[in-house]
Amino acid sequence: MMMKQTYTIVNPQGFHVRPTKVFVDKAITYPCDVFLISKNRRMNGKSSLGVMSLGLKKSDEVTLEVNGELEEEALAGLGEVLVSIHD
Amino acid sequence: MTQDNSMQMKGIAASPGYAIARAVVLKKEAYIPERRVEMHSSKEQERLRVAVSLAKEELETIRQSTLERLGKSKAEIFEGHLMLLEDPELIDVIIENIEQQQIDAEYALYEVSQMFIDTFLSMDNELLQARAVDISDVATRIMNHLRGVVHTDLASITEECVIIARDLTPSETACLNLKVVKGIINEIGSRTSHSAIMSRSIEIPAIVGAGEGVMSVSTGSTIILDAIQGIIIIHPSGEQLAEYEEKHRLYELRREELSKLKNLPTRTLDGHQVELAANIGKLEDLQKVLDNGAEGIGLFRTEFLYMDRSGFPSEDEQFSIYKHVLEKMDGKPVVIRTLDIGGDKELSYMDLPKESNPFLGQRALRLCLAREDLFRTQLRAILRAGVYGNLKIMFPMIAVLDEWRKAKSLLLEEKELLQAQGIQTAEKLEIGMMVEVPAAALSADIFASEVDFFSIGTNDLIQYMMAADRMNESVSYLYQPCHPSILRLIRIVIEAANTEGKWVGMCGEMAGDLQAIPLLIGLGLHEFSMSAGSILPARELIGQLNYTEVTPMVEQVLKLRTQDEVYQYVRDYREKEE
């Protein structure tokens, strides 16, 4: 099964280095595949280069897609990172 | 002047200070490998793995020493680099390409890293654009190991110098020997580029974005780096040298004095303690607040949350931002002011009727009470965030008691509603009001028993008191913070608060005005909230005053007739002190 949900970025400076690091560090703790999709581009959520190259800005929508073991936990845990404020 | 061959260039002052030294120009040639067909893929892959692991060791050392010297946040840059070395989209792809395309390790590395560098450079977010530098820094490091090239050793510089480079990488900046390197000039970059941030944290004067011309300066030329104004002088004249040596000396002296005050409490000579807080209007202001030794945030303007967007911010979004500020301030007080919009401050998505006297119209709390829905959303977000720190809330533009009571009851209602839903809210929350309307100031005694604190907003208070629009140049002479009428009004507020044992803050320009501070101390103001940059000079001044002397001085001042007389009196008093 595969799960996905769409979020809106609220961090004023978008999803730059630090939020990306928090996201990727957390993503690699889940065994399932993690993807982020924005503006018709789909990137590996376990790669900081992948996540950053989406160029997510404040108010952008991004879809989180998880597939595999512990996907439900991954969706909840990573979804929260997407809608938090970071430095 | 005739034999003067000095030359000036301009750039962005990225880290303040002055430097006068000889230039060392770092010219790094970009190495572009040629594509070679390489059939022994496993050998190439192994070479790459070895180079990556050497790069990792090196970066680990730099990360460790940065952590010790500069702390966690700067070391994070290198954690980011280490993370790149483990990124599946980078290293794994290079390894794959070596085999699939039968190419050598150097070219595979060049191709993949260049692809990412181009992607990031084309982004319209400055922070993400700057990531191209990280990728290039990491790729160069691996490339040097692949080629067996020794990394340019900045540590080997032994004479005092200013380094000129295209863009010093964060790792190079972090490794500089500050005993000899006195300043940095980068051809490219912005205030937010990594090397700019790094140079601020190691406190080395730096100019970035100086432009191509700067690379043609020859090594050994004497230069003056003025990272206050963003000016570079090459081959300065004797006069210029003398001028800048003096500026430099005074600047360093002053900086040293002020930095000693950073983590000290704010006390007068005879031990009377007050609180110096900062005003913030956007999240980017926070770092300056922390860097300047603020004891709290005395005015958190929430308007920025509502600006430059197409609709109202949600409760969750506001909650995230308030929570972030409270956590950053780590237990220090944070006074949030509820939305102050309307009148001259418009929101594109909010249809407000045009008013002929916007400053006297439906602004701030008046608007919030008319638009309860949006007010309640903000109150809920504030109440929820209060769990994460020392939060206080204040309402702007209150004129009469009814407004205060209405605002407070809405807040308490929302608190109960949240609690009924099992949502955690701030346990103890001080609720105060701004004093900006003369009516409220004159009747402070009426409010004093019901509020937890007052915060005097002098910018508006003066404009209303003098009936002079502060945007109108032709009546700007009436903006007189130290006019006896204003001082008397402030005294009325403080006395009313003291009678009830409440505290009074001030969050207008006046609070950071060095001419006004001796008077405000004498009047017994408890908290001063100002722009972060004014805090250390204010703390220094307060430390030179005697509370027992400025109190009677104020009594004399209150009998004067004009603001000029007041200023003169304070100046005379200060001179007598010295």
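Just so we're clear, the structure is a prediction, and the values are computed from it rather than from any experiment. Letters go in sequence order (proteins before strands), and every chain restarts at 1.
Tyr107(B) and Tyr110(B) have tilted rings, their planes meeting at an angle from 30° to 60° on a 0 to 90° scale.
Taking Thr119(B) as the reference, nothing meets the side chain to side chain donor-acceptor pair (under 3.5 Å) condition, with sequence neighbours excluded. Residues passing the side chain to side chain donor-acceptor pair (under 3.5 Å) test with Tyr306(B), sequence neighbours excluded: Gln318(B). For Asp134(B), the salt bridge (charged side-chain N to carboxylate O under 4.0 Å, His left out) criterion is met by Arg131(B), not counting sequence neighbours.
For the pair Lys323(B) and Tyr388(B), the distance from NZ or CZ to the six-membered ring centre is under 6.0 Å and the angle to the ring normal is within 45 degrees.
Distance check: Ile336(B) CD1 to Leu299(B) CG gives 10.5 Å after rounding to the nearest 0.5 Å. To the nearest 0.5 angstrom, Thr338(B) atom OG1 is 6.5 Å from Ile382(B) atom CD1.
Residue-level contacts of residues 25-49 of chain A with chain B, in order of numbering, are Asp25(A), Asn44(A), Lys46(A), Ser47(A), Ser48(A), Leu49(A); threshold 4.5 Å between heavy atoms.
Residue contact with chain A, scored on non-hydrogen atoms closer than 4.5 Å, involves the side chain of Leu283(B) exclusively. Heavy atoms of Ile135(B) lying under 4.5 Å from chain A belong exclusively to its side chain. Of the two parts of Lys21(A), the backbone and the side chain both hold a non-hydrogen atom closer than 4.5 Å to a non-hydrogen atom of chain B. Contact annotation for Glu89(B): both backbone and side-chain heavy atoms come within less than 4.5 Å of a heavy atom of chain A.
For the side chain to side chain donor-acceptor pair (under 3.5 Å) with Tyr322(B), the lone residue among Glu317(B), Arg384(B), Gln378(B) that qualifies is Gln378(B).
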